[in-house]
Amino acid sequence: MTPQTSVETALPAVPLTVEGSSVLHQMMRFRRPAWRSLSAAARTEILEEAAGALGEMERAVEGRDPALSAADLTGPTAPAVRQSAVYSLLGHKGDLLFLHFRRTFEDLSRAQADLARLRLSDYLEPASSYLSVIELGLYESTAKVYGELAARGVEPHSPEWKRQIEEVLDRQRSAMAPRLFPRIPDARYLCFYPMDRRRGETANWYTESMADRQRMMHEHGLVGRRYAGEVRQIISGSIGFDDWEWGVDLFAEDPLVFKKLIYEMRFDRVSAVYALFGTFYVGVRARATDLGAILG
Amino acid sequence: MTPQTSVETALPAVPLTVEGSSVLHQMMRFRRPAWRSLSAAARTEILEEAAGALGEMERAVEGRDPALSAADLTGPTAPAVRQSAVYSLLGHKGDLLFLHFRRTFEDLSRAQADLARLRLSDYLEPASSYLSVIELGLYESTAKVYGELAARGVEPHSPEWKRQIEEVLDRQRSAMAPRLFPRIPDARYLCFYPMDRRRGETANWYTESMADRQRMMHEHGLVGRRYAGEVRQIISGSIGFDDWEWGVDLFAEDPLVFKKLIYEMRFDRVSAVYALFGTFYVGVRARATDLGAILG
Amino acid sequence: MTPQTSVETALPAVPLTVEGSSVLHQMMRFRRPAWRSLSAAARTEILEEAAGALGEMERAVEGRDPALSAADLTGPTAPAVRQSAVYSLLGHKGDLLFLHFRRTFEDLSRAQADLARLRLSDYLEPASSYLSVIELGLYESTAKVYGELAARGVEPHSPEWKRQIEEVLDRQRSAMAPRLFPRIPDARYLCFYPMDRRRGETANWYTESMADRQRMMHEHGLVGRRYAGEVRQIISGSIGFDDWEWGVDLFAEDPLVFKKLIYEMRFDRVSAVYALFGTFYVGVRARATDLGAILG
Amino acid sequence: MTPQTSVETALPAVPLTVEGSSVLHQMMRFRRPAWRSLSAAARTEILEEAAGALGEMERAVEGRDPALSAADLTGPTAPAVRQSAVYSLLGHKGDLLFLHFRRTFEDLSRAQADLARLRLSDYLEPASSYLSVIELGLYESTAKVYGELAARGVEPHSPEWKRQIEEVLDRQRSAMAPRLFPRIPDARYLCFYPMDRRRGETANWYTESMADRQRMMHEHGLVGRRYAGEVRQIISGSIGFDDWEWGVDLFAEDPLVFKKLIYEMRFDRVSAVYALFGTFYVGVRARATDLGAILG
Amino acid sequence: MTPQTSVETALPAVPLTVEGSSVLHQMMRFRRPAWRSLSAAARTEILEEAAGALGEMERAVEGRDPALSAADLTGPTAPAVRQSAVYSLLGHKGDLLFLHFRRTFEDLSRAQADLARLRLSDYLEPASSYLSVIELGLYESTAKVYGELAARGVEPHSPEWKRQIEEVLDRQRSAMAPRLFPRIPDARYLCFYPMDRRRGETANWYTESMADRQRMMHEHGLVGRRYAGEVRQIISGSIGFDDWEWGVDLFAEDPLVFKKLIYEMRFDRVSAVYALFGTFYVGVRARATDLGAILG
């Protein structure tokens, strides 16, 4: 073990983050042969039930699911948006992707159960899923507040330190509420993929200094900003929730933008050296009322 | 092979551990289409049988399963708690997670068989599982006792050495009995994941010195302590039992705490450099009586 | 993090690319036992429906699918070729491979849905797939134009820079239209595989200088040129679309050429050090009218 | 390529080994729903057939299967023990593990076929398996005999060399016959896992010198000896037979010993740096007559 | 990128190879429960059909399949042997392995289709497969001819160069025809596995010099020669055809020889440092007429 300088250990290495809506991606395969063995009448009935329920879910509603009991009143107090969307996937990784934005995991569990209860679910086989929470990383604020507290001699993790940090987080949560609890963007195309920051034996994101990480994230952000008008990006954190550290959702009218953006970013130092990517899913937005046409 | 100093080989490199309850996680998929093809009466009957059996299992009982024969009387003599719990999982990795705490593997085998005998099991498909034993690593005591024995010139693995070590372990087992044979915490959310210590070609936990490992584990423990009121952590060892070295169960009322704790720990040297993680499972605690509602 | 010279950061590291047709590979397993349980008459009927539809799809047609609504009018304005082809695969990775060239992802989604609607699809199980866009990398032009713009002092990403770059891309798109929107080559054999450029901890394509990458790609191209008469190669980009960065389709009359070409290239520096390969698929071209003979 | 000293190339690098019984592990999932759909009478009949056949197989018999024809008379001439055992597995990796010790692969093939012919096999789905041959590595003898032959100037692989080596092997085979052709230990618990010696880019077992390998194996053996009374270990070689290089079977009355032994060994240099582990299986010994109770 | 000497780039790095028969391995699982649900009469009929067809295929016939149309007349003109063989596999990776030697991929495709058309195929599920072409690497000839051409100043890839190389290849193809288009050896046991040459970040076969590769392959060959009387080895190349670079088939009367040979080779530099291995399959040769006995 190489010795660490006192500066390294003196200040926390963890960047501050603020969190918003809970997010569940559900990738489903459609059991077409079983579906086709149904009578036309049965199919119509099942589709009507599904279109009704999904039609409800795709409307963005502020607040929590009124069906949840008072005992479930945990989670953020901000007026989270409750909304789901369906995408028709390209390729064999699934036929439909259901995207749910909710206030808490309890609400997500409810959304998942509501979907499972539909008779259509007998014809949907879970292929994959992803559980995460919308997150904004605050590298700039972190560097600033850690520096100020250090300058004032406030001991990390002391009550005073915690109070100051909590104040910063509260300010950020208020200022960023619309980005923390967003509606699902209306774009025609979705690209979803999970990712990690590499912890290799020599290239290890988690042992880089805060200053280096901040600089690399800044450079990374500049690329994203160049695509601001063409693509909407929502990052969700999944450490402790799923098998990768973050989920990335990109929304665009033209899917070529996904390729351009991600290719350009791949040459950023933070992506080139430290990004590991999971499976990519690309889908076309569908409406509850299109379900019959999609499922043929 | 680089030569090793005599100090390295003189003292054992293995930290002492004490063990408690045997633990089995069973992740199950619910075969919903088959279930739905049953009559309402059949479903009610099956659910009643399951709720009855699981209701028994979810009560924490001290001692061993009275149904086990005298021949099975191996394992710890401490009054282990016998208890199971059910969690409703988020995502596609399973629908239900059954968590069993028992005195021995024989009792776990019995719990597994009892569950399999339920008619409900015809509608549950094993998706994954994890077999382990609750464990407390004693890096501080190890360093102390190894040092003392070395100072007194006691030869490692000699009868005197073993007697002294066994005394330390006995003291620790008594002192830590409540943590070694715990009840399943009551919290609403569970996060489970298995993990390894890296044995890379350059970064290798098992070739680090005892002193360095102890220091890193101490730093790691300090982070955990900051979350003491918000999350309950139970570590179980699975070397020789399952495909990863340890299993980690986190219990909390607010699942965001899982993310915060694990993210903060990821910057610890021991996690940043030496931790490798398996699949993450997140579930909401259910009661045997909720089973009907959950399975719809 | 090693410091980077200002030269490295002054010029963008991303090579220019131009894109053409959208491409979907669908690998399917044939459910032979279920198929054989059908009556001869049912099989004939299903095959006739399939042969008719696939016969339509295998004819190369310029322009977009007339069935797509005006709202779908995004994507390239060039007269893309709309064509599909079927291959009989060797080995267990699938029985049939459907290859679709279309103008946009929306058209691909339509092609996928059209195939799924055939009754034959009840006997086809998706085994794998690949989603990509035909791409030409312009390392030489990139080096030239980046150099010229730098010499003229044009700031990267400034409006002037973007205008100049867009001009280069437009010229290339026009000049290369036949290669960007090709027909599916007529060759008897297809070899398809996806690939990545390595981002290892020491050998990392994305941190190599533009000049080194250009030199290596040039050397790589020289090998390909030696096989020009024997094999036709179509590269498609899949960053942001699928799990590897590129898809490679090779078309030849003699499959031995696949081995010779790829083996020779494996000694190129760019392949030897930076290429990672996925699954290889080899198929024999079939015609819609052969389907009955192939499926037995 | 770094140059190699003449010493390195002068002496063979391969340690001598002697081999005994052929071993097959079969991990099976029990198809419980199909089983439960049978009438009680059918189940009783199937279980009786299975209990009869497995009862035969679990008795240790010396010599070869009399049903094998004279043409099959290859393999060791030693009076190999023919015996099978059944274990009830913990977790989802399988329900039953069948362990077969036989004289040759031909006998194993026969045992596998005999099991498959039982009607019970319609309710058993192969989940995994492992094929190997009991092996004793002779690092000490190897070093000794290679040294002696070198001292006497006997050319490696010359007829004289081969004669001398074959003599050593014959002596070892006789002396170790009971360990090469053992009965299946009677212990209540089994732990099975496959493993490799690492061939990493920097840490590579197969490029270490014979002397270093011998020293590390010796240290490794010392740990094992400390557990001699508590655990019985049978190593089988599987290079050329299965996907890992060795299989390890541990037999003990108390499964905690598996964890203690393997954890302690993990700090040995040979395990810490060079051991790679596959899937771990833990089972409780069952008797043919218990099958009805286990399968419920 | 480290600079390369002009010597390195002056001569091609690709060793010459000559190719022979096309090879397909098909690993199949036997669907025993479905099979057993057939009447004895149906099973007899299906087995007779299969035994007849496979009996035809297992006879070694020179020349091409007369059923193939004139349009398929590509591939080598040598009188390739057309032969198939069946092996009964040990373990869970499959029940039967079909090995096909044919003149071209078109013939293999035909063999695959012929097998699929048998009614027995409804009870065989493809578990795996491997597609390759018998290959002989000519490191010695390559070094010689490249050296001679360089000495004579013949420019690599010039028409003169190509003519000379083609002459060498033609001579080798004639001289080695029996090894390029062999019968399937009669041995009782088969061991099959695929392999790669490592392209690691530091140990990379494809960046080693021709001289070093030639030396390592020579050393490797010496080990093989020591087993000449006991094992027959057939190497087939699969770059561009399947997921590994080479397939290795070993044929022997005593399977222990597989372990001895491969273990000894593992200490060769070329294997120790550069070999990566896939799944190992071990089977016992069966005859078409044994099929009934094997499938029970």
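Order of the sequence lines sets the chain letters (A, B, ...), proteins ahead of strands, with each chain counted from 1.
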Undergrad: Hey, are B/Glu245 and B/Ser238 close enough side-chain-wise for a donor-acceptor pair under 3.5 Å?
TA: no
Undergrad: Contact part of B/Arg226 toward chain A, heavy-atom cut-off under 4.5 Å: side chain, backbone, both or neither?
TA: side chain
Undergrad: Above 12 or not: heavy atoms from other molecules or residues under 6.0 Å from NE2 of A/His157?
TA: yes
Undergrad: With chain B, which of A/Pro126, A/Gly240, A/Ala127 has the greatest number of heavy-atom pairs at distances under 4.5 Å?
TA: A/Gly240
Undergrad: Chain A heavy atoms under 4.5 Å from B/Val273: which part of the residue, side chain, backbone, both or neither?
TA: both
Undergrad: Considering only heavy atoms, which portion of A/Asp242 lies under 4.5 Å from any heavy atom of chain B: side chain, backbone, both, or neither?
TA: both
Undergrad: Need one label for A/His25: side chain, backbone, both or neither, based on atoms under 4.5 Å from any heavy atom in chain B.
TA: neither
Undergrad: Does the side chain of B/Thr202 pick up a donor-acceptor pair with the side chain of A/Glu201 at under 3.5 Å?
TA: yes
Undergrad: Heavy-atom cut-off 4.5 Å, strictly under: side chain, backbone, both or neither for A/Arg197 against chain B?
TA: neither
Undergrad: Is it the case that the side chains of B/Tyr139 and B/Arg213 hold a donor-acceptor pair, with the cut-off being a distance below 3.5 Å and no angle test?
TA: yes
Undergrad: Please flag which part of B/Ser271 lies under 4.5 Å from any non-hydrogen atom of chain A: side chain, backbone, both or neither.
TA: backbone
Undergrad: Could you check whether any side-chain N or O of B/Glu58 sits under 3.5 Å from a backbone N or O of B/Ala288, counting only pairs where one atom can act as donor and the other as acceptor?
TA: yes
Undergrad: Which atoms of A/Leu131 come close to chain B, meaning under 4.5 Å heavy atom to heavy atom: side chain ones, backbone ones, both, or neither?
TA: side chain
Undergrad: Establish, from distance only, whether the side-chain atoms of A/Gln26 and B/His92 form a donor-acceptor pair under 3.5 Å.
TA: no
Undergrad: Less than 4.5 Å to any heavy atom of chain A: does that hold for the side chain of B/Arg29, its backbone, both, or neither?
TA: neither
Undergrad: Measure B/Arg266 against the heavy atoms of chain A and call it side chain, backbone, both or neither at under 4.5 Å.
TA: both
Undergrad: Within a 6.0 Å radius of atom CZ on B/Arg183, are there more than 12 heavy atoms belonging to other residues, nucleotides or ligands?
TA: no
Undergrad: Identify which part of B/Ala34 has an atom lying under 4.5 Å from any heavy atom of chain A, answering side chain, backbone, both or neither.
TA: neither
Undergrad: Please look at A/Ala116 and chain B and tell me whether the side chain, the backbone, both or neither of the residue comes under 4.5 angstrom of a heavy atom of that chain.
TA: both
Undergrad: Side chain, backbone, both or neither: which part of B/Leu89 has a non-hydrogen atom closer than 4.5 Å to chain A?
TA: backbone
Undergrad: Among side-chain atoms of B/Glu140 and B/Thr142, is any donor-acceptor pair under 3.5 angstrom?
TA: no
Undergrad: Do B/Thr207 and B/Arg199 pair up side chain to side chain, a donor and an acceptor below 3.5 Å, judged on atom types alone?
TA: no
Undergrad: Do you know which of B/Ile262, B/Asp95, B/Leu276, B/Thr279 has the most heavy-atom pairs under 4.5 Å to chain A?
TA: B/Thr279
Undergrad: Mind checking whether B/Phe277 and B/Tyr193 have parallel, tilted or perpendicular rings, split at 30° and 60°?
TA: perpendicular
Undergrad: Under 4.5 Å, counting heavy-atom pairs only, tell me which of B/Leu250, B/Leu90, B/Val248 racks up the most with chain A.
TA: B/Leu90
